[in-house]
Amino acid sequence: MEEDNDSVEQILELLYAAGYLDATNSDAPPFQKIAGGLSWCIAALNANANANNIIDDENSQCIEESLRLVGCPHPLRPSHVRDLDTEALFPVIQWLTSRLSSTKEHCFSEVCQEDEHKISIKTLSGNLDELNLRKMNVVKQLDHLRDRINKEGTDSAVHKLISLMTSLKDLERQEKHLQFSRDSKHSELQAEISELERKVANECDYKSLSDGLHHSSSELLEKLDLMKKQLAARLRDIVAVRRQIDDQPCQSEIIQYEHRLSELYTQIQGKHRQTRKYYATYNALLEMKELMLKEISLLNSIISQFQEAFSSTDGRIKLVHSMEGIVKGSQQKLEKVQIGLQEEERIRNDLKDRYAAATGEQKRCYSLLKAFQEERAKNERFQCQSSK
């Protein structure tokens, strides 16, 4: 699978090197890029070749007829393009691009110097327009990112925005430099055209003129290749910036994160309430255990004193005083428990009042929401009737 991806990338690079810019500057699937590149190459080699239905199975003879018209020795079917059959695609693409390159060089050497200069000027203008388009895309992406920062308020996005603004300033400087180079080149070419027209008007030596044209065409081809490399480097930088922008979370992802955090918070709250319930049960049982132990100790003390009370009068008096102390302590504990019960009842009543108030507020919100929805529906119907 990785080898197929590498082969597809090599095919797209061949198409891009041949002049098909959409091979890398497009979000279309790979098979559509390759299909478009085939159509472009075939149309460039033979204007009469019908290559509009490259991947149409019902017109399977269309691509074979188109390749036959341009003289391609390798067979190719639409299914090879749709399935990205690199073994069948690579030799066809390689032959078309090499044939196209040789055709361009042959045609370029045959045209006159004036047309060559005009083509160069158009190429520079096209490159400048394309750079302007990419700059506009970067500006739109920066505006979109700035809106997301205002809504989300994340520090990482701010740092990313600063780096993107720096990249935008670099692109603007490159644009100014390219525009200046285009204007200066335009002036030089206009001067050369004027000189060439003067030589043609004076019927200068054809051989020297041909040598000058050949030398100028060679220089222009070298400059054109250099500009293609520079443009490819700019495209890679823009793609890298676009990928960095795509790495930032979008609004739908942030909403999903909020939903997951809300669900996690609900689970934590449920677990917290369950844990508090267990602790309350444990504390109640522990208190009951302590009370039972105290009662057992008290009963044992009474039993021991009760046996001594039958033996002497002092023992009976001591038993009475002990029982009075026990009754007094029990009353104090009872009062303490009653105070705690009253406090719990007060807390319960407060919670009931708060719950009743919250329930009333919820009902009021529901009624307001229902009234708002009904009013909005009426306004929408009124707007529809007004538009009609």
Side-chain angles (χ1 to χ4, degrees), residues 148-158 249-377:
R148 286 172 51 190
I149 290 172
N150 293 330
K151 294 179 181 178
E152 301 169 8
T154 56
D155 295 336
S156 60
V158 173
C250 61
Q251 188 66 26
S252 60
E253 293 175 346
I254 294 175
I255 293 174
Q256 291 180 359
Y257 295 155
E258 291 178 352
H259 289 170
R260 296 297 178 269
L261 290 174
S262 178
E263 293 175 357
L264 181 60
Y265 177 77
T266 303
Q267 293 178 359
I268 292 174
Q269 289 294 322
K271 185 63 69 175
H272 179 66
R273 287 193 295 270
Q274 188 177 10
T275 304
R276 291 182 61 183
K277 181 179 178 182
Y278 289 154
Y279 270 102
T281 303
Y282 174 78
N283 292 330
L285 292 175
L286 183 61
E287 186 176 359
M288 291 175 62
K289 177 184 176 182
E290 292 177 353
L291 291 174
M292 292 176 67
L293 291 175
K294 289 181 180 180
E295 289 179 358
I296 292 172
S297 177
L298 181 61
L299 291 173
N300 290 331
S301 177
I302 292 173
I303 290 173
S304 63
Q305 293 178 5
F306 185 76
Q307 292 177 355
E308 294 177 357
F310 285 98
S311 61
S312 64
T313 305
D314 295 335
R316 287 194 293 272
I317 295 172
K318 185 179 180 181
L319 177 61
V320 170
H321 290 305
S322 178
M323 294 299 293
E324 290 176 352
I326 292 172
V327 171
K328 185 177 180 180
S330 299
Q331 289 178 352
Q332 291 177 353
K333 291 181 179 179
L334 180 61
E335 290 175 358
K336 184 178 180 181
V337 171
Q338 287 178 351
I339 292 172
L341 178 61
Q342 291 175 359
E343 182 66 21
E344 292 292 334
E345 288 178 349
R346 186 184 64 78
I347 295 173
R348 183 196 62 185
N349 294 332
D350 291 341
L351 291 175
K352 284 184 178 180
D353 294 339
R354 291 171 60 186
Y355 177 75
T359 304
E361 185 67 20
Q362 185 180 17
K363 291 180 180 179
R364 189 178 71 84
C365 292
Y366 282 154
S367 62
L368 291 175
L369 178 62
K370 184 177 180 180
F372 173 75
Q373 292 177 348
E374 291 177 354
E375 188 66 23
R376 186 179 66 178

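Atom set for the values below is all heavy atoms of this structure, side chains included, hydrogens, waters and symmetry mates excluded.
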CZ of Arg348 to CG of Asp353: how many Å apart, nearest 0.5 Å?
-> 11.0 Å
What distance do Gln256 atom CD and Arg260 atom CZ have between them, rounded to the nearest 0.5 Å?
-> 6.0 Å
Ser297 (side chain) donor-acceptor with Leu293 (main chain) under 3.5 angstrom = no
Salt bridge present between Asp350 and Arg354 (N-O < 4.0 angstrom) = no
How would you list, by chain and number, every residue that makes a side chain to side chain donor-acceptor pair (under 3.5 Å) with Glu361, sequence neighbours excluded?
-> Arg364
Non-neighbouring partners of Gln269 that pass side-chain contact (heavy atoms from CB on, under 4.5 Å), sequence neighbours left out | Tyr265, Arg273
Could you tell me the separation between the OH atom of Tyr257 and the OG atom of Ser252, rounded to the nearest 0.5 Å?
-> 9.0 Å
Atom pair OG/CD of Ser262 and Gln267 - distance to nearest 0.5 Å = 10.0 Å
When the side chains of residues 333-340 are checked against the rest of the protein, which donor-acceptor pairs come out under 3.5 Å, sequence neighbours left out?
none

Euclidean distance, Ile268 CD1 relative to Leu261 CG, rounded to 0.5 Å | 9.5 Å
How long is the gap from CD on Glu375 to CG on Leu368, to the nearest 0.5 Å?
-> 12.5 Å
Heavy-atom side-chain proximity of His321 to Glu324 below 4.5 angstrom = yes
